[in-house]
J.: 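Sharing a structure here in C-alpha cells format.
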Amino acid sequence: MTDLKNIRRQSQNQAKAIGCVTNDHLPLLEWPLSPRVLNDIADRLFCVLSIVACSYGFPKPKAWSWLVREHLEPSLTPNEMAYLKAAPDQQPDTALQWRVEALWALAWCVGVHDTLDFTKTCSDSFVTMLPDLAQDESTERLRSRMARRDMTEILQSADLAYCLHWSVRDAQIKKRPVPSNLQAQILQQRRHTLDWVLGEEEWDKVSLDT
C-alpha cells in the first residue's frame, strides 16, 4: 500500500529545501485507480510534440500529415484539432510553447529521460530525443524504447509539483517573493501532465486547483 502521508512529508521537505512555504492542510493526492497505459501516454506525447512544433513555426499541414500517417489523429484533443486546422499563425504562439514542459514530463513518464527537476527547464538536447518531424521520422524507434515509469514514482513527482505549485501561487497572491529557481508556467505544465497520467480527466479538462 502506498503511504501517501510519507510521500507528502518528502514533498514538503523538498519544497522547504528550495525555499518554499508549505501548507500542512493541502489534501493528499488520491492513489490512481485507473492510471494511463503506456500506449496512451506515448500517443499523448506525440500529439503534444506536434503542437509544440507548430507553436515554434513548423507548418501545420505537415504536422497533420505526420499525425495521420502515424495514426495519431484520434488521440488529438478537440482544442488541438482546432489549432492544427486553423489558419497558420502570423507569429509564434508563446503560450503553446510552454507545453514543451508538459512534453518533458510525458517523456519522463515513459523513460525517454530520467530527470524531472522542477527547478530547471527541459534539456537543451530534448529535441534530439524525439522524432524529427521535419524529416518525417516515424514514432516506431522511440516507442520501442519506452517503458512506463513506476506509478509510485510518478505519484511522488505529482505530489511535489502540487506542493510547489501551491507555494508559488500563494506567494503571488500574498505578494511574497517566489523562489528564483521556480517558474509557475513550468510547474503548471508538468503538474497538468502528471495529474493526467494518474487520473481519468481528459487532457483539456485537467483541474489544477490549489
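Note that the numbering runs from 1 along the sequence shown for the chain.
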J.: Tell me, yes or no, whether the heavy-atom count around Asp150 atom CG, taken from other residues, nucleotides or ligands under 6.0 Å, exceeds 12.
T.: yes
J.: Are Phe118 and His165 packed together at the side-chain level, in the sense that at least one heavy-atom pair is separated by less than 4.5 angstrom?
T.: no
J.: If you define the side chain from C-beta out and look only at heavy atoms, does anything of Pro131 sit under 4.5 Å from Leu142?
T.: yes
J.: Quick one: do Arg44 and Asp40 make a salt bridge, cutoff under 4.0 Å?
T.: no
J.: Can you see which heavy atom on Met129 is nearest to which on Arg145, and at what distance?
T.: O-NH2, 4.3 Å
J.: With distance as the sole test, does Trp203 use its side chain to make a donor-acceptor pair with the main-chain N or O of Leu76 at under 3.5 Å?
T.: no
J.: Tell me the closest heavy-atom pair linking Leu133 and Ser50, and the distance in Å.
T.: CD2-CA, 4.1 Å
J.: Say whether, by atom type as modelled, one donor and one acceptor occur between the side chain of Thr128 and the main chain of Ser125 under 3.5 angstrom.
T.: yes
J.: Would you check if Val52 and Leu96 make a side-chain contact, meaning some heavy-atom pair closer than 4.5 Å?
T.: no
J.: Could you tell me whether the side chain of Arg148 and the main chain of Cys109 form a donor-acceptor pair under 3.5 Å?
T.: no
J.: Taking Leu164's backbone N and O only, do any of them form a donor-acceptor pair with Ser167's side chain (distance below 3.5 Å, no angle check)?
T.: no
J.: Show the nearest heavy-atom pair for residues Leu130 and Arg141, with the distance to one decimal.
T.: O-NH2, 4.5 Å
J.: Hey, is Arg176 close enough to Asp170 for a salt bridge, meaning N to O under 4.0 Å?
T.: yes
J.: Which pair of heavy atoms, one from Thr115 and one from Trp104, lies closest together, and at what distance?
T.: O-NE1, 3.2 Å
J.: Take Arg69 and Asp136 through the test salt bridge (charged side-chain N to carboxylate O under 4.0 Å, His left out) and record every step on the way to the result.
T.: CA-CA 9 Å; Arg69 196 201 69 193; Asp136 207 29; 2.7 Å; yes
J.: What about Val127 and Leu45, same hydrophobic cluster or not, with Ile/Leu/Val/Met/Phe/Trp/Tyr joined at side-chain heavy-atom distances under 4.5 Å?
T.: no
J.: Flag yes if Leu106 and Phe126 sit in one hydrophobic cluster, no otherwise; membership is Ile, Leu, Val, Met, Phe, Trp, Tyr, and two members link when side-chain heavy atoms are under 4.5 Å apart.
T.: yes
J.: Look only at the side chain of Arg8 and the backbone of Leu26, and say whether a donor-acceptor pair between them is shorter than 3.5 Å.
T.: yes
J.: Do the side-chain N and O atoms of Thr119 and Asp117 include a donor-acceptor pair separated by under 3.5 angstrom?
T.: yes
J.: Answer whether the closest heavy-atom distance between the side chains of Leu72 and Glu70 falls below 4.5 Å.
T.: yes
J.: Can you confirm whether Ile51 sits close enough to Leu84 that some side-chain heavy atom of one is under 4.5 Å from a side-chain heavy atom of the other?
T.: yes
J.: Between Gln12 and Asn23, does any side-chain donor sit less than 3.5 Å from a side-chain acceptor?
T.: no
J.: Between Leu67 and Glu73, which heavy-atom pair has the shortest distance, and what is it?
T.: O-OE1, 3.5 Å
J.: Check whether any side-chain heavy atom of Ser11 sits under 4.5 Å from a side-chain heavy atom of Tyr162, and report yes or no.
T.: no
J.: In Å and rounded to the nearest 0.5 Å, what is the OG1 to CD distance from Thr77 to Glu202?
T.: 9.0 Å
J.: Treat each ILVMFWY residue as a node, draw an edge where side-chain heavy atoms are under 4.5 Å apart, and state whether Leu116 and Ile186 are in one component.
T.: no
J.: Do Arg191 side-chain atoms and Leu208 backbone N/O form a donor-acceptor pair below 3.5 Å?
T.: yes
J.: Is the shortest distance from a Lys or Arg side-chain nitrogen in Asp43 or Arg143 to a carboxylate oxygen in the other one below 4.0 Å?
T.: yes
J.: Check this for me: does any side-chain nitrogen of one of Glu153 and Arg149 sit under 4.0 Å from a carboxylate oxygen of the other?
T.: yes
J.: About how many Å separate CH2 of Trp66 and CG of Asp132, when rounded to the nearest 0.5 Å?
T.: 10.0 Å
J.: Are the side chain of Glu101 and the backbone of Cys122 linked by a donor-acceptor contact shorter than 3.5 Å?
T.: yes
J.: Output yes when a side-chain donor or acceptor of Lys60 lies under 3.5 Å from a complementary backbone atom of Tyr83, and no otherwise.
T.: yes
J.: Which pair of non-hydrogen atoms, one from Trp108 and one from Ser157, has the smallest distance, and what is that distance?
T.: CH2-OG, 3.3 Å
J.: Taking the side chain from Trp98 and the backbone from Gln188, do they hold a donor-acceptor pair closer than 3.5 Å?
T.: no
J.: Can you find a pair of side-chain heavy atoms, one from Arg9 and one from Asn6, that are under 4.5 Å apart?
T.: yes
J.: Could you tell me whether a side-chain N or O of Gln97 sits under 3.5 Å from a main-chain N or O of Ser55, the two making a donor and an acceptor?
T.: yes
J.: Roughly how far, to the nearest 0.5 Å, is CZ of Arg99 from CG of Leu49?
T.: 13.0 Å
J.: With side chains defined as the heavy atoms from C-beta onward, is the minimum distance between Lys120 and Asn181 less than 4.5 Å?
T.: no
J.: Is there a path of hydrophobic side-chain contacts, each under 4.5 Å between heavy atoms, that joins Phe46 and Val68?
T.: yes
